[in-house]
Amino acid sequence: MSKILTIGEILVEIIATDRGDGFREAVPLIGPFPSGAPAIFIDQVGKLGQECAIISRVGDDDFGWVNINRLAGDGVDVSGIEVVPQGTTGSAFVRYREDGSRAFVYNILHSACGNIELSTDMLGLIDSCTHVHVMGTALYAPTVVASILTAVERIKGSGGTVSFDPNLRPEILDTPGMREALQTVLSKTDLFMPSGEELFLFAEAKNEADAIAELLDKGIKAIVVKRGAKGASYFDGQTTLNLKGFKVEEIDPTGAGDCFGATFVTFWLQGASPVDALRYANASGARAVTRAGPMEGASTKFELDTLIKMQGKA
Ligand code: ATP
Ligand code: MG
């Protein structure tokens with residue numbers, strides 16, 4: 001049996017209900033919603049009934065417990081979430097601008113998950129997992145990077161697999177040691193899941209086909225490219241697949257890439273064909289955008305089957 005691990009930030013997200021530029025005035029808000037890219041990812045894995053765990057830290061506060069309760073309720077092993085008695089759980093305030101871009105106020109670095117160190121129990125948890133998913137957003141602090149690299153080494157070293165969603169804020173690349181850390185992760189990656197320009201972060205090539213060939217040449221087994229409402233593609237050297245997006249009403253795009261990735265990895269590890277894994281992932285990303293709140297649109301397999309049946313095999 002496979003077990004999927006991820007490591008990184010746990011946050012609550014608090015969303016402005018009207019559009020506008022940032023938070024320099026009082027605005028109506030909804031939340032707290034459980035959030036953090038690795039948390040959204042692992043919640044979607046758990047909802048599909050796949051064994052999984054997350055290593056992170058929260059404060060002993062309501063924002064922490066809203067996350068732990070949601071993840072545990074959706075089937076995630078939360079034994080690797082340390083509750084820091086004097087800590088404060090991370091948060092992100094989000095307001096959509098008229099043009100659809102997002103203004104954020106974050107508290108991550110100075111929150112409970114600003115440091116993640118591995119206890120002996122957590123090393124045991126890592127060794128019980130067969131796959132680790134690396135989220136680029138989680139590479140925000142040296143101790144977190146070190147913990148992720150340890151998990152990658154141990155899981156890969158015992159015959160497991162690695163997936164990597166760069167999900168990068170470009171300024172992260174300028175942090176000392178970051179490019180080296182990313183190269184290390186990439187050199188161990190079996191499944192690479194970029195969106196948009198992220199495909200070119202680690203390639204010299206300037207067009208998509210050449211960048212795919214270059215990355216597959218480095219030993220990556222498969223690449224899945226996310227294309228928002230346009231759908232997604234899959235490449236493994238032998239097979240190329242392009243699926244159009246499902247037609248849905250987009251309410252809140254946050255979390256689509258994370259739910260998509262979780263669903264692809266789950267089906268891929270369970271031995272589904274690439275086209276089935278891509279179709280379920282595409283449906284999962286589409287359903288994710290139809291609900292306000294980053295984790296609220298995570299899907300069960302039944303919900304994915306229903307969307308696929310309704311719209312035919314896109
Ligand atoms: P994120 O903002 O979460 O990091 P991302 O850039 O990693 O997102 P996207 O390409 O935006 O990922 O979305 C992931 C997948 O979700 C897409 O490949 C597609 O399958 C699905 N998806 C996203 N937006 C829509 C939409 N508006 N309609 C249908 N499907 C969508
Ligand atoms: Mg993304």
Check whether [X] and [Y] end up in the same hydrophobic cluster, where Ile, Leu, Val, Met, Phe, Trp and Tyr are linked by side-chain heavy atoms less than 4.5 Å apart.
{"X": "I15", "Y": "V289", "answer": "no"}
{"X": "F63", "Y": "I40", "answer": "no"}
{"X": "I68", "Y": "I14", "answer": "no"}
{"X": "L118", "Y": "V84", "answer": "no"}
{"X": "I30", "Y": "F104", "answer": "no"}

To the nearest 0.5 angstrom, please state how far the [atom1] atom of [X] sits from the [atom2] atom of [Y].
{"X": "N167", "Y": "D258", "atom1": "CG", "atom2": "CG", "answer": "5.5 Å"}
{"X": "D190", "Y": "I220", "atom1": "CG", "atom2": "CD1", "answer": "9.0 Å"}
{"X": "K244", "Y": "Q311", "atom1": "NZ", "atom2": "CD", "answer": "11.0 Å"}
{"X": "I212", "Y": "I223", "atom1": "CD1", "atom2": "CD1", "answer": "4.5 Å"}
{"X": "L241", "Y": "D236", "atom1": "CG", "atom2": "CG", "answer": "8.0 Å"}
{"X": "L149", "Y": "T184", "atom1": "CG", "atom2": "OG1", "answer": "6.0 Å"}

Which atom pair, heavy atoms only, marks the closest approach of [X] to [Y]?
{"X": "G64", "Y": "V58", "answer": "CA-CB, 3.8 Å"}
{"X": "L29", "Y": "T17", "answer": "C-CG2, 4.2 Å"}
{"X": "G114", "Y": "A141", "answer": "O-CB, 3.4 Å"}
{"X": "G80", "Y": "M122", "answer": "O-CE, 3.7 Å"}
{"X": "P32", "Y": "V66", "answer": "O-CG2, 4.5 Å"}
{"X": "F246", "Y": "A286", "answer": "CB-CB, 3.8 Å"}

A side-chain contact here means heavy atoms from C-beta on lying under 4.5 Å apart; do [X] and [Y] qualify?
{"X": "L278", "Y": "P274", "result": "no"}
{"X": "W65", "Y": "V83", "result": "yes"}
{"X": "M295", "Y": "F33", "result": "no"}
{"X": "T240", "Y": "Y234", "result": "no"}
{"X": "P166", "Y": "L201", "result": "yes"}
{"X": "I251", "Y": "R291", "result": "no"}
{"X": "S79", "Y": "L125", "result": "yes"}
{"X": "I81", "Y": "I54", "result": "yes"}

side-chain contact (heavy atoms from CB on, under 4.5 Å), paired with Y280, selected from T266, T263, L48: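 Result: among T266, T263, L48, T263 is the only option passing the side-chain contact (heavy atoms from CB on, under 4.5 Å) with Y280.
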Aromatic ring pairing F23/F93, orientation class (parallel under 30°, perpendicular over 60°, tilted between):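 It falls in the perpendicular class, over 60°.
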State whether the side chain of [X] and the backbone N or O of [Y] hold a donor-acceptor pair below 3.5 Å, judged by distance alone.
{"X": "T6", "Y": "H133", "value": "yes"}
{"X": "D60", "Y": "Q86", "value": "no"}
{"X": "T89", "Y": "G59", "value": "yes"}
{"X": "S35", "Y": "P294", "value": "no"}
{"X": "Q44", "Y": "F41", "value": "no"}
{"X": "N67", "Y": "L11", "value": "yes"}
{"X": "T189", "Y": "F192", "value": "no"}
{"X": "T143", "Y": "I116", "value": "yes"}
{"X": "D43", "Y": "A39", "value": "no"}
{"X": "K226", "Y": "M193", "value": "yes"}

Those residues that, when tested against D127, pass salt bridge (charged side-chain N to carboxylate O under 4.0 Å, His left out) (two or more places apart):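 Only R154 meet the salt bridge (charged side-chain N to carboxylate O under 4.0 Å, His left out) criterion with D127.
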For E51, all residues meeting salt bridge (charged side-chain N to carboxylate O under 4.0 Å, His left out), sequence neighbours excluded: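 Partners of E51 by the salt bridge (charged side-chain N to carboxylate O under 4.0 Å, His left out) criterion, ordered by chain and then number, come out as K3.
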H131 vs S163, side-chain contact (heavy atoms from CB on, under 4.5 Å): CA-CA, chis, key distance, verdict: CA-CA 8 Å; H131 180 93; S163 50; 2.7 Å; yes
side-chain contact (heavy atoms from CB on, under 4.5 Å) between L5 and I55, intermediate numbers included: CA-CA 8 Å; L5 175 74; I55 290 177; 4.0 Å; yes
Full working for salt bridge (charged side-chain N to carboxylate O under 4.0 Å, His left out) between E214 and K206: CA-CA 11 Å; E214 191 181 330; K206 297 287 175 262; over 6 Å; no
E296/K47 ion pair, N-O < 4.0 Å: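 No, this pair does not count.
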R279 and I308: CA distance, side-chain angles, deciding distance, side-chain contact (heavy atoms from CB on, under 4.5 Å) verdict: CA-CA 8 Å; R279 185 176 296 117; I308 291 169; 3.9 Å; yes
Criterion side-chain contact (heavy atoms from CB on, under 4.5 Å) on I10 and S56, from CA distance to verdict: CA-CA 7 Å; I10 286 181; S56 187; 3.4 Å; yes
Residues which pass side chain to side chain donor-acceptor pair (under 3.5 Å) with D217, listed by chain and number, not counting sequence neighbours: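 D217 satisfies side chain to side chain donor-acceptor pair (under 3.5 Å) with no other residue.
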All side chain to side chain donor-acceptor pair (under 3.5 Å) counterparts of S2, not counting sequence neighbours: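 Scan of S2 (side chain to side chain donor-acceptor pair (under 3.5 Å), adjacent residues dropped) gives Q50.
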Of all pairs that satisfy side chain to side chain donor-acceptor pair (under 3.5 Å), the ones with a partner from residues 245-257, not counting sequence neighbours: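 Listed once each, the pairs are Y96-D252, Y96-T254, R102-T254, D252-T254.
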Salt bridge (charged side-chain N to carboxylate O under 4.0 Å, His left out): pairs with one or both residues in residues 17-36, sequence neighbours excluded: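 Every pair satisfying salt bridge (charged side-chain N to carboxylate O under 4.0 Å, His left out) with a residue in residues 17-36: D18-R95, D21-R97, E25-R95.
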Polar contact flag, side-chain donor to acceptor under 3.5 angstrom, S233-R227: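 Yes, a side-chain donor-acceptor pair sits under 3.5 Å.
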